[in-house]
2 protein chains.
Amino acid sequence: MNEQDFLAAYDPNAYPAVAVTADVVALTIRDGALHLLLIRRGAQPYAGHWALPGGFVRPDEDLATGARRELAEETGLGGEPLRRVHVEQLASYGAPDRDPRMRIVSVAHLAFAPDLPDPAAGTDAEAAAWVPVAELASRQLAFDHRRIVDDGLERARAKLEYTPLATRFLPPEFTIGDLRGVYETVWGHPLHPGNFHRKVLSVPGFVESTGTSTERGGSRGGPRARLYRAGDARLLHPALLRPAKEETAR
Amino acid sequence: MNEQDFLAAYDPNAYPAVAVTADVVALTIRDGALHLLLIRRGAQPYAGHWALPGGFVRPDEDLATGARRELAEETGLGGEPLRRVHVEQLASYGAPDRDPRMRIVSVAHLAFAPDLPDPAAGTDAEAAAWVPVAELASRQLAFDHRRIVDDGLERARAKLEYTPLATRFLPPEFTIGDLRGVYETVWGHPLHPGNFHRKVLSVPGFVESTGTSTERGGSRGGPRARLYRAGDARLLHPALLRPAKEETAR
DNA sequence: TCAATAGTGTCTGTTAGACAGTATCGC
DNA sequence: GCGATACTGTCTAACAGACACTATTGA
């Protein structure tokens with residue numbers, strides 16, 4: 001049998017049904033706090049529970065495309081603002097009993113977004129909201145989404161160390177202080193302003209000067225700060241390491 | 001409708017058929033060279049082509065379990081030797097046209113193994129072999145497996161920097177020189193023996209002394225080396241950074 | 001004896017981090 | 001003026017990398 005005959009005779013339904021979803025851990029910074037996009041499920045199962053935005057991958061779309069589409073549907077975002085959102089694959093979750101309906105493998109994605117407008121509830125969702133990550137401890141999430149969120153947060157913290165993705169939380173032009181705010185928010189530690197400043201400027205390709213400065217000083221005083229935009233580096237050398245990981249890694 | 005009624009009425013076949021496979025990028029070191037486990041496909045599609053070991057995930061097994069099972073089937077490995085193989089998820093690949101049969105999402109895994117015996121051809125495979133990574137350039141791989149292998153190799157190189165997984169390529173007891181050989185093989189650079197030695201011993205939890213030494217010196221002379229086993233660290237602090245990444249990252 | 005390796009000591013350039021100091025702003 | 005911030009200078013401890021040296025082994 002040649003390949004053509006083989007394909008003609010092939011029955012896709014001969015195998016047990018599996019479904020694949022693209023779910024998104026979408027992070028943004030609002031009011032100086034890290035926020036996660038959650039939806040309240042309107043349909044079974046876990047109706048009424050908070051969950052990650054996501055849904056079944058369509059037959060003609062790539063996994064990342066599916067994740068972007070789901071994100072767009074939940075946030076009402078499109079065009080240039082959506083293009084500025086960074087989306088990458090996080091990991092896949094496929095425990096046999098993770099969904100009571102059937103075998104569902106979730107390909108989770110991680111998204112970094114600048115401060116976005118409040119989301120509008122989409123098709124399957126009763127509600128959608130940016131939820132402060134600090135409040136997650138007191139909420140119950142559907143499926144194994146707690147685990148996915150934890151993995152996503154850890155990935156985000158790690159990615160800030162060796163990639164310039166912190167700039168994806170900011171508008172196209174930003175100050176070094178703004179950038180430091182992103183690191184402090186995601187890592188949860190205050191950083192030394194002077195050392196951070198020098199370090200950022202010393203990493204080639206991390207930021208590039210716009211030649212301009214802010215119109216006004218900070219809200220609490222201080223000189224006008226110079227404005228920068230993201231540079232062309234895709235990895236930071238040397239990396240900005242998180243302080244004091246301690247020996248907890250062992 | 002409550003959740004129970006909903007589930008009873010749920011039809012898993014109402015959605016377009018998707019299949020999920022677990023594929024494995026299995027690496028080992030033989031004769032001082034990095035090798036990859038490949039099989040020659042005996043069935044359509046891509047019959048006769050070399051491909052990664054893998055197959056459909058069974059209804060009752062987790063993704064990682066499926067990857068381990070496929071690896072065991074191809075290598076004939078089991079029991080304690082199989083337990084010593086490190087398997088982790090790499091990434092998922094789901095381009096709509098990556099498999100001509102139907103929509104197949106491959107959850108790729110990465111495996112680090114000590115020197116293993118030659119594999120035996122399994123059920124679907126005409127042949128199976130450890131192939132030197134250096135020879136991959138001249139071989140054509142099925143599906144998008146070239147891309148998966150490239151991603152796996154880059155992940156492996158990066159993982160050696162900040163995890164103690166290099167020890168997974170070695171027997172339970174090894175010398176610092178053995179460990180250096182792993183790094184040199186995977187990274188493709190010679191390392192400074194003296195500095196490497198001191199660095200490894202300075203990282204807490206990377207290796208621990210067995211109190212014993214090798215019975216004989218090296219095959220080309222030299223004193224007997226002290227033996228170590230893997231320590232309890234899961235991350236290396238500080239990391240062993242690759243030398244000279246240059247500015248290629250930009 | 002010779003070549004190769006294990007393991008240690010030492011030096012230097014670089015860097016992270018602490019601290020200080022000046023200039024500029026909002027209030 | 002006062003407090004806060006932007007940005008720069010300086011010092012120190014830690015570290016990577018280069019080099020050197022001794023001791024021990026196989027051939």
Side-chain angles (χ1 to χ4, degrees), chain A residues 32 160-162 170 173-185 187 189-204 206-228 236-247, chain B residues 32 160-162 170 173-185 187 189-204 206-228 236-247:
Chain A
L160 289 205
E161 289 191 294
Y162 60 93
L170 294 172
E173 299 198 348
F174 51 85
T175 70
I176 303 294
D178 295 335
L179 188 61
R180 178 166 49 85
V182 172
Y183 278 89
E184 292 177 333
T185 298
W187 285 351
H189 300 118
L191 298 175
H192 189 291
N195 290 338
F196 181 86
H197 195 106
R198 184 163 8 128
K199 173 70 181 176
V200 166
L201 295 184
S202 77
V203 177
F206 191 2
V207 297
E208 62 185 28
S209 175
T210 64
T212 59
S213 295
T214 53
E215 292 289 323
R216 294 178 42 86
S219 59
R220 282 175 292 185
R224 300 175 189 175
R226 284 171 240 179
L227 286 168
Y228 296 84
L236 303 182
H237 290 299
L240 282 82
L241 297 181
R242 274 177 281 185
K245 298 206 226 182
E246 304 117 31
E247 306 305 314
Chain B
L160 290 205
E161 290 192 295
Y162 61 95
L170 295 171
E173 299 198 349
F174 52 85
T175 69
I176 302 294
D178 295 335
L179 188 61
R180 178 165 49 86
V182 173
Y183 277 89
E184 292 178 333
T185 299
W187 285 352
H189 301 117
L191 298 175
H192 189 292
N195 291 339
F196 181 87
H197 195 105
R198 190 179 1 182
K199 173 73 182 174
V200 166
L201 295 185
S202 77
V203 176
F206 190 2
V207 297
E208 61 184 30
S209 175
T210 65
T212 59
S213 294
T214 53
E215 292 289 323
R216 293 179 42 84
S219 59
R220 282 175 293 184
R224 300 176 187 175
R226 283 172 236 175
L227 286 168
Y228 297 85
L236 304 182
H237 290 299
L240 282 82
L241 297 180
R242 276 177 279 185
K245 298 205 221 180
E246 304 117 32
E247 306 307 311

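Below, chains carry the letters A, B, ... as their sequence lines are ordered, and counting in each starts from 1.
Whole-Å rounding puts the A:R180 CZ to D:dC7 C1' distance at 11 Å. Remark: P of D:dG26 and CD of B:E215 are 11 Å apart, rounded to the nearest angstrom. Remark: P of C:dA16 and NE2 of B:H237 are 16 Å apart, rounded to the nearest angstrom. B:H192 places its NE2 atom 13 Å from the C1' atom of C:dA6, with the value rounded to the nearest Å. Rounded to whole Å, the distance from CZ on A:R226 to P on C:dC25 is 12 Å. Following rounding to the nearest Å, B:L191 (CG) and D:dA18 (P) show an atom-to-atom distance of 10 Å. As rounded to whole Å, 14 Å separates atom P of C:dA6 from atom CZ of B:F174. Computed from coordinates, the A:L179 CG to D:dC7 P distance equals 12 Å when rounded to whole Å.
A:R198 comes within contact range of at least one nucleobase, with a heavy-atom separation under 4.0 Å. Counting non-hydrogen atoms under 4.0 angstrom, B:G217 reaches the backbone sugars and phosphates but no base. B:S219 comes within contact range of the sugar-phosphate backbone alone, with a heavy-atom separation under 4.0 Å but no base atom that close. Among the protein residues, A:G194 comes within range of the nucleic acid bases, having at least one heavy atom under 4.0 Å from a base atom.
Across D:dA4, D:dA27, C:dA6, the shortest atom-to-atom separation from the side chain of A:R220 is found for D:dA4. Of the listed nucleotides (D:dA16, D:dA6, C:dA6), D:dA16 has the atom at the smallest distance from the side chain of B:P238. Distance from the side chain of A:P223 is smallest for C:dT24 among the nucleotides C:dG7, C:dT24, D:dT8. Listed candidates were D:dA6, D:dA18, D:dA27. Nearest to the side chain of B:R216 is D:dA27. Listed candidates were C:dG17, D:dC7, C:dG7. Nearest to the side chain of A:N195 is C:dG17.
Close to C:dA4, at under 4.0 Å from its OP1 or OP2, lies no side-chain N or O of B:R224. Put simply, A:H197 has no side-chain N or O that comes within less than 4.0 Å of OP1 or OP2 on D:dA6. For B:K199 and D:dA16, the shortest distance from a side-chain N or O to OP1 or OP2 is below 4.0 Å.
The backbone N or O of B:A239 lies less than 3.5 Å from no partner atom in the side chain of B:E161, so there is not a single donor-acceptor pair. Proximity of a side-chain donor or acceptor of A:T212 to a complementary backbone N or O of A:L227 within less than 3.5 Å is not detected.
Contact annotation: the side chain of A:H197 approaches that of A:L201 to within less than 4.5 Å [non-hydrogen atoms, C-beta and beyond]. By the 4.5 Å heavy-atom criterion applied to side chains, B:S209 and B:R226 are not counted as neighbours. Taking the side chain as every heavy atom from C-beta outward, A:F206 and A:L240 approach each other to under 4.5 Å.
Each of B:D178 and A:G221 was matched to the nucleotide of DNA chain C holding its nearest heavy atom; the match closer to the 5' end belongs to B:D178.
Taking both residues in full, the closest heavy atoms of B:L160 and B:Y183 are given as O-OH, 2.9 Å, listed atom of the first, atom of the second, then distance.
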